[in-house]
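What follows is one structure encoded as structure tokens, with my remarks underneath.
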Amino acid sequence: MAATGGKLNSVREDRTLTQNLLQTQGFWKYPRDSLFSAPDSLRRIIDLSPESYSTISRMSRKDEPNDKYHMVAVIFFILGMGTLLPWNFFITAIPYFQFRLNPEDPAGNYSDLHVNETSAENIHSSGDAFNFNNWLTLLAQLPLLLCTLLNSFLYQCIPERVRIVGSMVSILFLFIVTAVLVTIEMSAQSFFDITMATVWFINAFCAILQGSLFGLLALFPQKYSSMLLSGQGMAGMFAAVAMLLSMSSGADHRTTALGYFITPCVGTFISITCYLLLYRLEFAQFYLSKSNSQVSKNYEVETNTELLNKEINGDPGTEKKAVLLLKDGEACVAVEEKQHVSICAVLKKIWIMALTLVIGFTVTLSVFPAITANVRSNTENESWAKFFNPVCCFLLFNIMDWVGRSITSYTLWPGPDCKYLPLLACCRIIFIPLFMLCNIPNHNYLTVIFSNDAWFIIFMILFSMSSGYCISLPMCLAPKKVLPHESEVTGAIMTFFLALGLSLGAGLSFLLKALL
Ligand SMILES: O=c1[nH]cnc2c1ncn2[C@@H]1O[C@H](CO)[C@@H](O)[C@H]1O
């Protein structure tokens, strides 16, 4: 009895010591080296076999690999780009698609689209009969919503490698189809139908890819998630630069479009190679092996449960269990609890963030790109008019969106407890009428008020920067509102609301287009 009392006191001492060091995620965490110095008494209580102890010692001290040349970080950046290449390459090529859907001018040069007054009007009178921008936005975002839901079931029955490689190979195939379509002559209706089917499937695979990659990232330290998000932001800039390069090549519209669509084929191929390479890198293998229960068992040692559980539970017979394991390369004493996560309880805590995210994406997608892609320059300068929309709409949006997202690395104003976040996000609704009153040819009901190009540029800078910030802020704040064991569910809920906001915005764009 006396001996037991002594041991419990030691645990208490160690717990205070380690709680002072670091208390996160239900883990009493020991910085790697302190496990082997400070908690001797605890090691006595934890019934550690010499074999297990040496495994942990070897793993945590010597065998934890480095991310050599930041290879794994770069790979996640490229994979992030890969997930948003389809969406960005399709929206940036809107002028090309509008040209193909304009049956009255099949031999024209789509690079001249913004210069040639007659051509631009044709696009609005005939090409837009298909409502191309709106359908493109809707048929890209709806499968995202559906497949994000589907992926939450698929992950149980299809292995992650099959899902990731399978979706990337399918995306590559569909991009090849899009590039081949450039060279084939066909009726506008057939071209529209095939393109829309391609957009639907390519974005469905993209959603599975995105969901699976986020699942994979849960095994890696936080830094790697930021790399993937940065890569996603870069995809839009990549598409805009590819469009500008192909337009400035001076080639005819077919060659220009072919060159443009071959770029994402190469990009997707590089993404597939990078993903396969990931499994060969020691650093990645180290984290990926955590998903393999066989391997992780090697690093998890059950403790002298009866004794320690009495201490952690207060009374015996509850579901808590003490284990020694490795987390992020550090040896930890963890209290494993069977904690039941209620989606409703999590939703109650994060609904303000979820609503802000939905409003942010709804406002953005309601006008970008469906409305903004139609804005034309009102200058006489031909070269400026030709590059106006690709530069001031797509390139500018993607750069400033990325800047807005990056601001959240420095400040999270107005903080997690602000109840007015959705109201702040609602302020962005003002951009909807502002863009609708810009220089868009063939207004039906509205008139052009902001005809000067400078207005459009100013609106675009404010709109895209606030968009990036409004989207990134709730994504960063939501995990701060929940308990550590609820963070995985929180991530899944926020991904669902992200897709919901994108789809609502895409739907709303039809209404706004009709009001133009
Ligand atoms: O699948 C997606 N996941 C995350 N963000 C997306 C996705 N599709 C579009 N956007 C975001 O929507 C805005 C307009 O293009 C951009 O911020 C882009 O990153």
Side-chain angles (χ1 to χ4, degrees), residues 79-94 133-134 136-151 167 171 199-200 202-214 217 225-226 228-240 243 356-373 390 393-408 425 428 431 435 460-461 463-476 491-492 494-506 508-509:
L79 288 172
M81 264 178 85
T83 57
L84 279 196
L85 278 185
W87 161 249
N88 284 298
F89 266 78
F90 274 93
I91 59 168
T92 310
I94 281 175
N133 303 1
N134 301 75
L136 173 71
T137 313
L138 187 67
L139 294 185
Q141 302 306 344
L142 216 50
L144 182 81
L145 182 62
L146 297 177
C147 289
T148 301
L149 287 176
L150 185 70
N151 195 51
S167 48
I171 290 170
V199 167
W200 173 277
I202 212 166
N203 282 285
F205 288 118
C206 236
I208 294 174
L209 173 65
Q210 192 169 220
S212 307
L213 281 177
F214 276 122
L217 275 167
S225 305
S226 314
L228 190 106
L229 289 170
S230 271
Q232 284 197 323
M234 204 48 84
M237 283 187 241
F238 184 50
M243 171 56 91
T356 310
L357 188 69
V358 171
I359 296 171
F361 268 123
T362 305
V363 174
T364 299
L365 267 277
S366 66
V367 283
F368 179 88
I371 305 285
T372 57
C393 175
F394 291 101
L395 187 61
L396 195 58
F397 176 90
N398 286 302
I399 293 174
M400 297 317 290
D401 179 52
W402 186 75
V403 170
R405 283 168 188 240
S406 309
I407 294 175
T408 51
R428 294 184 65 245
F431 289 112
F435 281 125
M460 187 49 86
I461 290 174
F463 169 75
S464 45
M465 206 157 84
S466 58
S467 171
Y469 191 71
C470 266
I471 287 157
S472 195
L473 189 67
M475 288 299 249
C476 295
M494 291 302 275
T495 311
F496 168 76
F497 282 107
L498 175 152
L500 181 68
L502 288 166
S503 298
L504 287 177
L508 185 61
S509 74

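In each ligand, atom 1 is the first atom listed, and ligand 1 is the first ligand listed. Just so it is clear, the model here is predicted, and its values are computed rather than measured. Side chains are part of it too, since the values below use all heavy atoms of this structure and drop only hydrogens, waters and symmetry mates. Residues take their numbers from the sequence shown, with the count starting at 1.
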Residues in side chain to side chain donor-acceptor pair (under 3.5 Å) with S509, at least two apart?
-> N134

Heavy-atom closest pair, residues T362 and L504 | OG1-CB, 3.8 Å

In residues 79-92, what donor-acceptor pairs under 3.5 Å come from side-chain atoms, sequence neighbours left out?
| from | atom 1 | to | atom 2 | distance (Å) |
| --- | --- | --- | --- | --- |
| T83 | OG1 | G80 | O | 2.6 |
| T83 | OG1 | Q232 | NE2 | 3.0 |
| N88 | ND2 | L84 | O | 2.9 |
| T92 | OG1 | N88 | O | 2.6 |

With sequence neighbours excluded, what pairs up with L473 under the side-chain contact (heavy atoms from CB on, under 4.5 Å) test?
-> T408, L412, P414, L421, Y469, L477

Heavy atoms, side chains only, cut-off 4.5 Å: are D401 and R405 in contact?
-> yes

Do the side chains of S406 and W402 get nearer than 4.5 Å, heavy atoms only?
-> yes

List by chain and number: which residues place a heavy atom under 4.0 Å from ligand 1?
-> L84, W87, Q141, L144, Q210, F361, L365, F368, F397, D401, R405, L498, L502

